[in-house]
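Everything on this sheet refers to the single structure shown next.
Worth knowing before you read on, the calculation uses all heavy atoms, side chains too, and leaves out hydrogens, waters and symmetry mates.
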Amino acid sequence: MARKAAGRPEQEMLSLWKREQARLKALVVDRDTEAWQRDPAFSGLQRVGGVDVSFVKDDSVSACASLVVLSYPELEVVYEDCRMVSLTAPYMSGYLAFREVPFLVDAVRRLQEKDPGLVPQVLFVDGNGVLHHRGFGVACHLGVLTGLPCIGVAKKLLQVDGLENSAVHKEKIRRLRAGGDSFPLMGGSGTVLGMALKSHDHSTKPLYVSVGHRMSLEAAVRLTHGCCKFRIPEPVRQADIRSRDYIRRTLAVQGAPAPLSGKVQRPKACPKGAAEEPA
DNA sequence: GCGACAG
DNA sequence: ATCTTGTCGC
C-alpha cells in the first residue's frame with residue numbers, strides 16, 4: 001500500500017544520493033595540506049572543532065545540531081553553537097550525511113560569518129570518512145562542502161569492503177596495549193581504509209578513525225589520540241554533551257506534557273532502610 | 001532464516 | 001540516535 005507507493009521515490013532518492021556521493025568524492029583530498037599536520041607537536045594548531053547531532057526521544061524529526069570549537073592543546077571550549085533543527089531526510093545506512101550534514105554546514109557558515117578568527121583548523125566528525133561503502137562517509141562529505149580538514153571517528157566498525165568484526169579482529173583489539181596504539185583496517189582491495197585506535201590506556205573498545213578531508217590517515221590518528229581525555233575525542237564529546245543538554249533545557253522551557261495515561265516510572269529503591277511501600 | 005545496519 | 005542514576009569496584 002503506502003509502503004509500495006513510497007518505495008519508488010525512495011529508490012530514486014537513493015540513486016540521486018549515490019550520484020552526488022560519486023561527484024563529491026572526486027573532490028576529497030586525502031593528504032596533509034597544512035604545515036601543522038606534519039609537525040610532531042602539531043605546532044601551529046590552535047583550534048579544533050567537533051560536530052554532532054542529538055535527537056529528541058520519541059521524535060525522528062526534532063534534533064539539535066551542534067558545533068563546538070576547542071583550544072589546542074588545552075582542549076577548552078571557546079565556542080559553542082547549538083540549534084534545534086527539523087531533520088527531513090531519513091537515516092539510511094551509507095547515506096548518513098544527507099540527513100545531518102546540511103545543518104552542520106550551516107553551523108560552520110554561521111561561524112565563518114560571525115567570527116572568522118574562531119573557525120577551527122580541523123573538524124572531528126561523529127561517523128566515518130573514507131571507511132565507507134563507496135569511500136565517501138559523512139566526514140568526507142562535510143569536509144568537501146566546507147573545505148575544512150575533517151577526521152572521521154566512528155564508535156563501531158562499519159563492516160565494508162571485506163572488513164568484519166571477526167574473532168581475528170577482536171584479537172587485534174585485545175593486543176592493543178596503551179592509548180595511542182592502533183592497527184590498520186585493510187579493505188579487500190588492499191587499501192588501508194582507516195585505523196582502529198585505542199584512544200586511552202583503559203579503553204576496551206577502539207575508535208575507528210578514517211580520513212575525511214585534507215589530512216593523512218597518520219596525522220588523523222595521531223591528532224585523534226592527542227584530543228582524547230576520555231574514549232571519545234573531546235571536540236565530539238563536548239558537541240554531544242552540549243547538544244543533549246540543549247535539548248534537555250529546551251524541553252524544560254516548553255514544559256514536558258504529562259501523558260494522560262501510560263506506564264509510570266517506579267522510583268528506584270532507596271539506599272538503605274527507607275520505607276517505600278504505600279501505606 | 002540469519003545477520004548487518006556509521007548516526 | 002534513544003533507553004539512564006546510582007552503584008559497585010579498584
Side-chain angles (χ1 to χ4, degrees), chain A residues 10 14 17-18 21 50-67 82 84-104 123-143 150-167 169-170 185 187 193-197 201-212 220 224 231-233 235-237 239-248 250-251 256 259 262-272 274 276:
Chain A
E10 184 165 288
L14 284 181
W17 284 359
K18 205 167 170 178
Q21 287 182 330
V51 292
D52 191 39
V53 176
S54 293
F55 296 80
V56 173
K57 189 182 76 160
D58 296 332
D59 187 331
S60 60
V61 172
S62 304
C64 174
S66 68
L67 163 66
C82 289
M84 293 305 299
V85 297
S86 294
L87 303 186
T88 53
Y91 170 67
M92 312 280 305
S93 177
Y95 301 92
L96 172 64
F98 293 93
R99 178 163 167 80
E100 302 191 345
V101 106
F103 307 100
L104 303 178
L123 275 178
F124 284 88
V125 183
D126 204 349
N128 292 293
V130 301
L131 173 47
H132 178 266
H133 305 68
R134 290 161 297 281
F136 192 74
V138 63
C140 300
H141 206 130
L142 184 60
C150 284
I151 300 173
V153 181
K155 294 182 287 295
K156 43 195 188 193
L157 177 64
L158 182 59
Q159 304 193 152
V160 68
D161 193 21
L163 293 172
E164 53 178 347
N165 192 12
S166 61
H169 179 80
K170 287 173 180 151
L185 301 165
L193 300 176
M195 299 276 260
L197 169 72
D201 288 348
H202 298 293
S203 183
T204 306
K205 286 165 63 82
L207 292 178
Y208 296 95
V209 179
S210 59
V211 170
T224 298
R231 176 176 176 248
I232 304 298
V236 171
R237 186 172 161 268
D240 179 67
I241 290 172
R242 287 156 195 267
S243 59
R244 294 162 98 113
D245 197 54
Y246 188 85
I247 287 176
R248 188 186 57 70
T250 300
L251 295 182
K263 294 187 179 178
V264 173
Q265 179 91 34
R266 180 166 289 279
K268 290 276 187 174
C270 288
K272 280 176 186 175
E276 274 303 312

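Side-chain proximity of Arg244(A) to dA6(B), dT2(C), dA4(B): nearest is dT2(C). Side-chain proximity of Asn128(A) to dG7(B), dC3(C), dA6(B): nearest is dA6(B). The side chain of Ser93(A) sits closest to dC5(B) out of dC5(B), dG7(B), dC3(C).
Taking atom CG on Asp59(A) and atom P on dT2(C), their separation rounds to 12 Å, with Å as the unit. The distance between atom CG of Leu131(A) and atom C1' of dG7(B), rounded to the nearest whole Å, is 14 Å. Distance CG (Leu185(A)) to C1' (dA6(B)): 14 Å, rounded to an integer number of Å. Taking atom CZ on Phe103(A) and atom P on dA1(C), their separation rounds to 18 Å, with Å as the unit. The separation between Leu142(A) atom CG and dA6(B) atom P is 19 Å, rounded to whole Å. If you measure from atom CG of Asp240(A) to atom P of dA6(B), you get 17 Å, rounded to the nearest angstrom. In this entry the distance linking CZ of Arg248(A) with C1' of dT4(C) reads 14 Å, nearest Å. For the pair Asp161(A) CG and dA4(B) P, the computed distance is 18 Å after rounding to whole Å.
Under the stacking criterion of a centre-to-centre distance below 5.5 angstrom and an interplanar angle below 30°, Tyr91(A) sits stacked against the six-membered ring of dG7(B).
Between Tyr208(A) and His132(A), the ring center distance fails the sub-6.0 Å criterion.
Note: Phe98(A) and Trp17(A) have parallel aromatic rings, judged against thresholds of 30 and 60 degrees for the angle between ring planes.
Backbone-only contact: Ser54(A) has heavy atoms under 4.0 Å from sugar-phosphate atoms and none from a base. Nucleic acid contact class of Val138(A) (heavy atoms, under 4.0 Å, all strands): base. Heavy atoms of Phe98(A) sit nowhere under 4.0 angstrom from any nucleic acid atom. Here Asp126(A) lies in heavy-atom contact (under 4.0 Å) with sugar-phosphate atoms only. Gly94(A) comes within 4.0 angstrom of a nucleotide base, judged by non-hydrogen atoms across all strands.
Screening Asp126(A), Leu123(A), Val53(A) against Leu104(A) for a side-chain contact (heavy atoms from CB on, under 4.5 Å) leaves a single residue, Val53(A).
Look at Lys57(A) and you won't find any side-chain N or O under 4.0 angstrom from OP1 or OP2 of dA1(C).
Side-chain N or O atoms of Arg231(A) include one that pairs as donor or acceptor with a backbone N or O of Lys205(A) at under 3.5 Å.
Electrostatic pairing of Arg244(A) and Asp52(A) does not count as a salt bridge here, judged by no charged N lying under 4.0 Å from a carboxylate O.
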